Amino acid sequence: MSLPSSDLVPPLQAADYQQKIKQVFAEVGKVVVGQHYMVGRLLIGLCTGGHILLEGVPGLAKTLTISTLSKVLHLHFQRVQFTPDLLPSDLVGTMIYNQNQSVFEVKKGPIFANLVLADEVNRSPAKVQSALLEAMQEKQVTIGETTYPLDLPFLVLATQNPVEQEGTYPLPEAQVDRFMMKVHVDYLKKADELEVMRRMANMSYVGEVNPILTKEDIFGIRSMINQVQISETLEKYIIELVFATRKPAEYDLPEFAQYVQFGVSPRASIALHRAAKAVAFFDERDYVLPEDIKDVAGDVLNHRILLNYEAEADGIRTQDLIDAILRKVPIS
């Protein structure tokens, strides 16, 4: 059966996609309570092609949120539990020998999916991280001597636990930089935790969600976000924010200059630009406001700023620097 031609099916408008995004929030909310902020950040990554790193203590529904979101999308989803004994072949696949045909065949790993949940990503050693890095950056995987492109959209949603340090490996800076945003997941409010307790205390509770977005919808939303207007003034404002992380003293922030070892990379500029346009589109606007940039600045910049040991000794956090930059850097 052939699909109807594009001239018979009217294309969806921005309002249609924005309504679908609201439906996604509603569907995920049937299962996940009180994590509207985290869901919003995951959708920004999905709709702009950016990988997301979630960091928070255990039990805050990081894994549940991602798996629930995958059910709301018509996308191939795979979950990989990262462990210290995980091998690159467990992630990307390997060559196996077919005795019947006397040939080697490729057995593809779980990385061949649209949404990949890398659970506790910092528990695996460098070899696994390097395999994941190629997939994140190049959207391809090399098995043996052959390179295989990944199906698009391709998104890595990773979680890490900041509490336990034993048996974990710090992520390489080059890999951390590939994540569009690092989102800190905090504890729920009292009313939300009360609702979670009541739901989960009911042992017959089953959270059912309906699929809302298709692969075509995601590409359609990306096209709409691409058309959101951002003024040259705000583009220059993004550049000023980025440069302020590299040379705080030049932006009237000498008290932070001694603590910054490295500022953010050019990927931060791109991520801020894309994320601000996505926030504007989600708010049903076709133009970016300064508040949109400030809204995502913390999540885009926090994992890309590298502070030295003096900052740790003095209790200075990257968020302190970002807050100071947002207060000091003017929109000229």
Side-chain angles (χ1 to χ4, degrees), residues 20-83 86 90-92 108-124 128 132 135-136 150-163 179-188 192-193 195-215 217-218 221 299:
K20 285 197 170 191
I21 290 170
K22 291 179 181 178
Q23 292 174 7
V24 170
F25 277 103
E27 287 297 317
V28 175
K30 292 179 180 178
V31 177
V32 181
V33 179
Q35 294 292 7
H36 190 273
Y37 180 84
M38 175 170 46
V39 175
R41 291 311 194 237
L42 291 172
L43 283 175
I44 288 175
L46 179 70
C47 296
T48 58
H51 310 293
I52 305 294
L53 177 61
L54 301 178
E55 182 177 87
V57 298
L60 297 184
K62 300 183 296 295
T63 302
L64 177 64
T65 301
I66 295 172
S67 61
T68 303
L69 182 62
S70 71
K71 296 175 184 176
V72 182
L73 310 171
H74 287 281
L75 296 177
H76 182 201
F77 170 74
Q78 289 280 12
R79 178 182 183 271
V80 182
Q81 180 65 53
F82 279 56
T83 57
L86 193 72
D90 297 328
L91 181 67
V92 302
K108 294 182 177 180
I111 197 72
F112 287 89
N114 298 116
L115 284 181
V116 176
L117 167 56
D119 216 354
E120 296 187 302
V121 68
N122 57 331
R123 287 198 175 277
S124 289
V128 178
L132 182 63
M136 290 173 62
L150 295 170
D151 187 30
L152 299 179
F154 172 75
L155 199 65
V156 173
L157 306 174
T159 70
Q160 68 176 9
N161 180 358
V163 177
F179 286 101
M180 180 184 192
M181 290 188 285
K182 179 181 179 181
V183 182
H184 292 278
V185 185
D186 207 350
Y187 288 109
L188 297 173
D192 293 329
E193 189 146 349
E195 176 62 23
V196 170
M197 182 181 67
R198 286 172 174 168
R199 281 191 190 183
M200 302 315 294
N202 180 4
M203 289 180 283
S204 62
Y205 170 77
V206 179
E208 297 288 345
V209 294
N210 300 311
I212 302 296
L213 290 179
T214 65
K215 187 182 297 186
D217 288 332
I218 292 169
I221 292 171
D299 293 333

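The basis for the numbers below is simple: all heavy atoms, side chains too, and nothing from hydrogens, waters or symmetry mates. The structure displayed is predicted, hence computed values, not measured ones.
When each of Leu157, Leu155, Leu132 is checked for a side chain to side chain contact (heavy atoms under 4.5 Å, CB included) with His51, only Leu155 meets the rule. Tested against Leu46, the residues Leu75, Ile221, Asn114, Val24 include a single side chain to side chain contact (heavy atoms under 4.5 Å, CB included) partner, Leu75. Test Val121, Val183, Ile66 against Thr159 for side chain to side chain contact (heavy atoms under 4.5 Å, CB included) and you get one pass: Ile66.
A 4.5 Å side-chain heavy-atom check between Phe179 and Met136 finds at least one atom pair inside the cut-off. Counting only heavy atoms from C-beta outward, the side chains of Leu43 and Leu69 approach each other to under 4.5 Å. Residues Gln35 and Leu188 have side chains in contact (heavy-atom distance under 4.5 Å, counting atoms from C-beta outward).
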Exercise for review: Please lay out, stage by stage, how Thr65 and Val39 fare under the test side chain to side chain contact (heavy atoms under 4.5 Å, CB included).
Suggested key: CA-CA 7 Å; Thr65 301; Val39 175; 3.7 Å; yes
Check your understanding: Does the pair Asn122 and Phe82 meet the rule for a side chain to side chain contact (heavy atoms under 4.5 Å, CB included), with working shown?
Key -> CA-CA 7 Å; Asn122 57 331; Phe82 279 56; over 6 Å; no
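Shown here is Tyr187, whose OH atom has no more than 12 heavy atoms of other residues, nucleotides or ligands within 6.0 Å.
Taking Arg198 as the reference, nothing meets the side chain to side chain donor-acceptor pair (under 3.5 Å) condition, with sequence neighbours excluded. Taking Asn202 as the reference, Ser204 meet the side chain to side chain donor-acceptor pair (under 3.5 Å) condition, with sequence neighbours excluded. With sequence neighbours excluded, the residues satisfying side chain to side chain contact (heavy atoms under 4.5 Å, CB included) with Met200 are Val196, Tyr205. Listed by chain and residue number, nothing satisfies the side chain to side chain donor-acceptor pair (under 3.5 Å) test with Ser67 (two or more places apart in sequence, or in another chain). Contacts of Asp90 classified as salt bridge (Lys or Arg N to Asp or Glu O under 4.0 Å), with partners at least two apart in sequence or in another chain: none. Scanning for side chain to side chain contact (heavy atoms under 4.5 Å, CB included) contacts around Ala135 gives Ile111, Val141, Leu150, Phe154, with sequence neighbours left out. Shown here are the salt bridge (Lys or Arg N to Asp or Glu O under 4.0 Å) partners of Glu195, two or more places apart in sequence or in another chain: Arg199. Residues satisfying the ring pair (Phe, Tyr, Trp, His ring centres under 6.0 Å) criterion with Phe25, sequence neighbours excluded, are His36. The salt bridge (Lys or Arg N to Asp or Glu O under 4.0 Å) check on Lys215 picks up Asp151, with sequence neighbours excluded. Partners of Lys71 according to the salt bridge (Lys or Arg N to Asp or Glu O under 4.0 Å) rule, which considers only residues two or more places apart in sequence or in another chain, do not exist here.
Atom OG in Ser124 sits 8.5 Å away from atom CG in Leu91 (nearest 0.5 Å). In this structure, CD1 in Ile218 is found 11.5 Å from OG1 in Thr48, a value given to the nearest 0.5 Å.
Listed by first and then second residue, the salt bridge (charged side-chain N to carboxylate O under 4.0 Å, His left out) pairs involving residues 29-50 are Glu27-Lys30, Arg41-Asp295, Arg41-Asp299 (not counting sequence neighbours).
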Distance-only donor-acceptor hits, side chain of residues 52-60, under 3.5 Å, sequence neighbours excluded:
unit_1, atom_1, unit_2, atom_2, d
Glu55, OE1, His184, ND1, 3.3
Glu55, OE2, Gln160, NE2, 2.6
Glu55, OE2, Lys182, NZ, 3.3

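The shortest heavy-atom contact between Pro211 and His74 is CB-NE2, 3.4 Å. Considering all non-hydrogen atoms of both residues, Pro110 and Val116 come closest at O-CG2, 4.0 Å.
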